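This report refers to the structure that appears directly beneath it.
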Amino acid sequence: MQRWSKLFIPTLREAPADAEVASHKFLIRAGYVRQLAAGIYSYLFMAQRTILKITGIVREEMDTIGQELYLPALNPREVWEASGRWSVMGDNMFRLKDRKGADLCLGMTHEEIMTDIARKELRSYKQLPQIWYQIQTKFRDEPRPKSGLLRVRQFTMKDSYSFDLTREGLDKSFDLHDAAYRRIFKRCGLEFVAVEADSGSMGGSQSQEFMVYTDAGEDLVASCGKCGYAANLEKATSQLAVEADQPATASGAREKILTPGTKTIDDVAAFLKVPVNNNMKSLAYVMTDEVKGQPFYRPLLVLMRGNDQMNEAKLGGAIGGREFRPMQEEEIVKYFGSPAGYLGPVGLPQVTLAEEKGKAAYAGDDKAFVVLMDKALDGRKNLVGGANVAEHHFVGLNRGVDFDVTTVADLRNVVEGEGCPKCGAPLKLGKTVEIGHIFKLGTKYSESMGATVLDENGKERVIIMGSYGIGVERILTSCIEQNHDDNGFWLAPSIAPFTVVVVPTVMKDAAIVEAAEKIAAELEAAGYDVLLDDRDERPGVKFKDADLVGIPYRVNIGKLLAEGKVEVVERAGSKKTEVAMAGVLEHVRALYNPRA
RNA sequence: CGGGGCGUAGCGCAGCCUGGUAGCGCACCUGCCUUGGGCGCAGGGGGUCGCAGGUUCGAAUCCUGUCGCCCCGACCA
């Protein structure tokens, strides 16, 4: 049992002005955390207690499928060079030098270190499969830390890695994680969805994210209430309504039209009286490419329907993970010979598509464009597009006649209400926070770093890996986002810093204090984490604090004691019940039994 | 990286425009009072006005630089 009067729980009546989201405000107000710098927080007593409970649950579940390790956060450059990520990670990686001038970094994730152990130690297929996990601090120099503990530069991650000989083995390791993650999040009291996701810069094939719906989220998830389909916007697709094409021009060929002052798609559509989606908008980018090891910038043109939004993750995937950025004004003039607003694919020099080690390669000089077309434009006729001449657009554009494309790909963002790709029911879009991510890495790291074993035929085989993460603090923040009101928040008893707070309303009343002590001791003995609010404060202060700090159950001992009763309050829903002294334990146990 | 905002007591803010040596509420300390939803009264402690430089007799206030923090954007050409 802990006594509030002895603890450091610095609650605040007001939240700092710069706190925006609920979890940030309440973590500060409830005395859980204090900020040290942008995206760097100190966890005080209450936060640390719940973090320990969360990691306790994570550890219990992970121990059923793997083994816990603990790896260095301070990493030498060499390990990250071995995988190629020393340069890929860019400014997101914290870097430093030791006294000898050698480069070090702070780990953002631990594929490299785990793979390094595997390549040095694993020799035989008989040692596989392995699942190794750790709970470690991760460091990421986020370009923009925000929303309290939601996007930070230092945080706790449970990360695990699986090592298998076969694809089937990887599938099994993946499924084990999927099941363990569901158990973990459920035990933490979270509502979550598992969604198809983009595997991003980590590389890999199948990828699944665990998301929590909250307005504080940064990711959009498209989901179908009918069949259960759910996917990150970076991956989501939909069934689109068929749209009517424009009739061909009178001549049957494309025609160049003067369209003065029409710099946006909407302007053009209105001017020509053509539906926006019969317009083809041209987005200009430059991408990094290389020929024979020589890197250079290559122009990239993306063709989309007028109303559609391009998704950068999808674009990145469509160009094989090459880096890209929007073209700047001077570059537009240089590559297109036209000012922005009138760009189109007609007459541009274009690359040819080659195949290199199973990866798409582009052949052509540095003036040659890669032209990508969104799938929604596939088969469309007589489109409107820029003429690469100021104040002019073409009508009657047709692929194969007026222009060619390098690749057709799904590049657009799904819009709410479009048909589910599986069952056709309308899709919903919701903001979410990512709390976990599991994916099949394949051989990306084991191959580049040389992690191999001998199989039963004595043949060298590259280990097949998976990588799996959980953001520990995000479990806490998500719980608060999902369970709060104006007065504070409540956590699931499994992760709350205390399960019950016992509140004697008047400390000068010996009978009340005695009864409170008795009840607190009784609950403690029954396995509850009990906080006794023995502060000499007015009842109102104690009640306000109790509501604020996330404890799911409260027992008030006060004026009802004259009748031999106390009051049990369930924080979620604020349900109050009068209970006889002797029945308190039984009543609370019916709400939650820590030993069940 | 682009744009915007803010740095004055632990928290929330005023003062700055129009320079004259810093204030309010909450919190904190002492005493009295009160005791079921942040009670009341009295007294008290606490601030390099983010930092550096400049202008001035004099700078929280004006100027320059710098650091920090927050928000928006970094797809619709």
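A note on names: the letters A, B, ... follow the listed sequences, proteins ahead of strands, and every chain is numbered from 1. Keep in mind that what you see is a predicted model, and the values were worked out from it rather than measured.
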With A/Arg95 as the cation and A/Trp80 as the aromatic partner, state whether NZ or CZ is under 6.0 Å from the six-membered ring centre and within 45° of the axis. no
Taking the side chain from A/Arg474 and the backbone from A/Leu150, do they hold a donor-acceptor pair closer than 3.5 Å? yes
Partner lookup for B/G65, please. Criteria are Watson-Crick or G-U wobble with both distances under 3.5 angstrom; report none if nothing qualifies. B/C51
Of the candidates B/C69, B/C75, B/G36, the side chain of A/Lys559 sits closest to B/G36
Sugar-phosphate, base or nothing in reach of A/Gly341, heavy atoms under 4.0 Å: sugar-phosphate
Ignoring hydrogens and angles, does a donor from either the side chain of A/Arg554 or the base of B/G37 sit under 3.5 Å from an acceptor on the other? yes
Checking contacts here: which listed nucleotide (B/C69, B/G38, B/U35) is nearest the side-chain heavy atoms of A/Pro539? B/U35
Among A/Glu391, A/His393, A/His392, the one residue meeting side chain to side chain contact (heavy atoms under 4.5 Å, CB included) with A/Thr262: A/His393
Nucleotide of B/A77, B/G37, B/C75 approaching A/Lys576 most closely (side-chain heavy atoms): B/G37
Could you check A/Asp536 against A/Ile265 and say which one's nearest nucleotide on RNA chain B is further toward the 5' end? A/Asp536
Mind listing the N/O atom pairs, protein and nucleotides 27-29 of chain B, below 3.5 Å?
unit_1: B/A27; atom_1: OP1; unit_2: A/Arg13; atom_2: NH2; d: 3.2

A/Glu312 has an atom CD; how far is it from atom C1' of B/G73, in whole Å? 12 Å
How about A/Arg554 and A/Arg571: do any of their side-chain heavy atoms sit closer than 4.5 Å? no
Pull out every residue in residues 541-550 of chain A that has a heavy atom closer than 4.0 Å to any atom of RNA chain B, ordered by number, or say none. A/Val541, A/Phe543, A/Lys544, A/Asp545, A/Asp547
Determine the minimum heavy-atom distance between A/Leu300 and A/Phe324, stating which atoms define it. CD2-CB, 4.4 Å
In whole angstroms, the gap separating P of B/G73 from CD of A/Glu218 amounts to 11 Å
Report the C-alpha distance between A/Lys565 and A/Glu578 in whole Å, list the side-chain angles of each, state the deciding distance to 0.1 Å, and finish with yes or no for salt bridge (charged side-chain N to carboxylate O under 4.0 Å, His left out). CA-CA 6 Å; A/Lys565 288 181 182 170; A/Glu578 293 180 11; 3.8 Å; yes
With a 4.0 Å cut-off on N to O distance, would you call A/Lys431 and A/Asp219 a salt bridge? no
Ring-ring centroid check A/Tyr342 A/Phe394, cutoff 6.0 Å: no
Which residues in residues 503-518 of chain A have a heavy atom closer than 4.0 Å to any atom of RNA chain B? A/Thr505, A/Val506, A/Lys508
A/Asp410 bridged to A/Lys375 by N-O distance under 4.0 Å: no
With a 4.0 Å cut-off on heavy atoms, is A/Asn311 in touch with a base, just the backbone sugar-phosphate, or nothing at all? nothing
Nearest whole Å is fine: how far is B/U35 C1' from A/Leu561 CG? 15 Å
Criterion side-chain hydrogen bond (donor to acceptor under 3.5 Å, both in side chains) on A/Ser223 and A/Tyr213, from CA distance to verdict: CA-CA 11 Å; A/Ser223 62; A/Tyr213 283 101; 3.2 Å; yes
Do the charged groups of A/Glu20 and A/Lys146 touch, with an N to O distance under 4.0 Å? no
Heavy atoms only, 4.0 Å cut-off, all strands: where does A/Met327 land among base, sugar-phosphate and nothing? base
From the list B/A77, B/U34, B/G36, which nucleotide is the closest neighbour of the side chain of A/Arg538? B/U34
Under 6.0 Å between ring centres: does that hold for A/Phe489 and A/Tyr32? yes
Of residues 480-487 of chain A, the positions that come close to RNA chain B - non-hydrogen atoms, cut-off under 4.0 Å: none
Do A/Arg254 and A/Asp402 meet the salt-bridge criterion of a basic N to acidic O distance under 4.0 Å? yes
What's the shortest heavy-atom distance between A/Met108 and A/Asn92, and which atoms? CE-O, 3.5 Å
Answer with base, sugar-phosphate or nothing: what part of the nucleic acid does A/Asn307 contact at a heavy-atom distance below 4.0 Å? nothing
Any strand, both distances under 3.5 Å, Watson-Crick or G-U wobble: B/A74 pairs with none
Under 4.0 Å between any heavy atoms, over every strand shown, what does A/Pro326 touch: base, sugar-phosphate, or nothing? Just pick one. base
What is the pairing partner of B/U21, taking Watson-Crick or G-U wobble pairs with both distances under 3.5 Å in any strand? none
As a test of understanding, state which of A/Thr505, A/Asn487, A/Val569, A/Asp533 forms a side chain to side chain contact (heavy atoms under 4.5 Å, CB included) with A/Phe543. A/Thr505
If you take the centroid of each ring, where Trp contributes its six-membered ring, are A/Phe8 and A/Phe45 closer together than 6.0 Å? no
Taking only the side-chain nitrogens and oxygens of A/Gln35, find out if one of them lies under 4.0 Å from OP1 or OP2 of B/G68. no
Over all heavy atoms of both residues, which pair between A/Phe403 and A/Met373 is shortest? Give the atoms and the distance, please. CE1-SD, 4.5 Å
Does a salt bridge link A/Glu312 with A/Arg325, judged by any charged N lying under 4.0 Å from a carboxylate O? no
For the student: nearest non-hydrogen atoms of A/Asn278 and A/Gln246, plus distance: ND2-OE1, 2.7 Å
Is it true that A/Glu234 and A/Lys314 make a salt bridge, defined as a side-chain N closer than 4.0 Å to a carboxylate O? no
Closer to the 5' end of RNA chain B via nearest nucleotide, is it A/Leu36 or A/Tyr342? A/Leu36
Name every residue in residues 14-30 of chain A that has at least one heavy atom under 4.0 Å from any atom of RNA chain B, in order of residue number, or write none if there are no such residues. A/Glu14, A/Ala15, A/Pro16, A/Ala17, A/Asp18, A/Glu20, A/Arg29
Paired with B/G45: which nucleotide, if any, by Watson-Crick or G-U wobble criteria at under 3.5 Å for both distances? none
Under 4.0 angstrom, heavy atoms only, what part of the nucleic acid is A/Ser147 near: base, sugar-phosphate, or nothing? sugar-phosphate
Name the nucleic acid region contacted by A/Ala38, choosing base, sugar-phosphate or nothing; use a 4.0 angstrom heavy-atom cut-off, strictly under. sugar-phosphate
Check nucleotides 47-52 of chain B against the protein and report each pair of N or O atoms closer than 3.5 Å, with its distance, or say if there are none.
none

What nucleic acid atoms does A/Leu315 come within less than 4.0 Å of, heavy atoms only: base, sugar-phosphate, or nothing? nothing
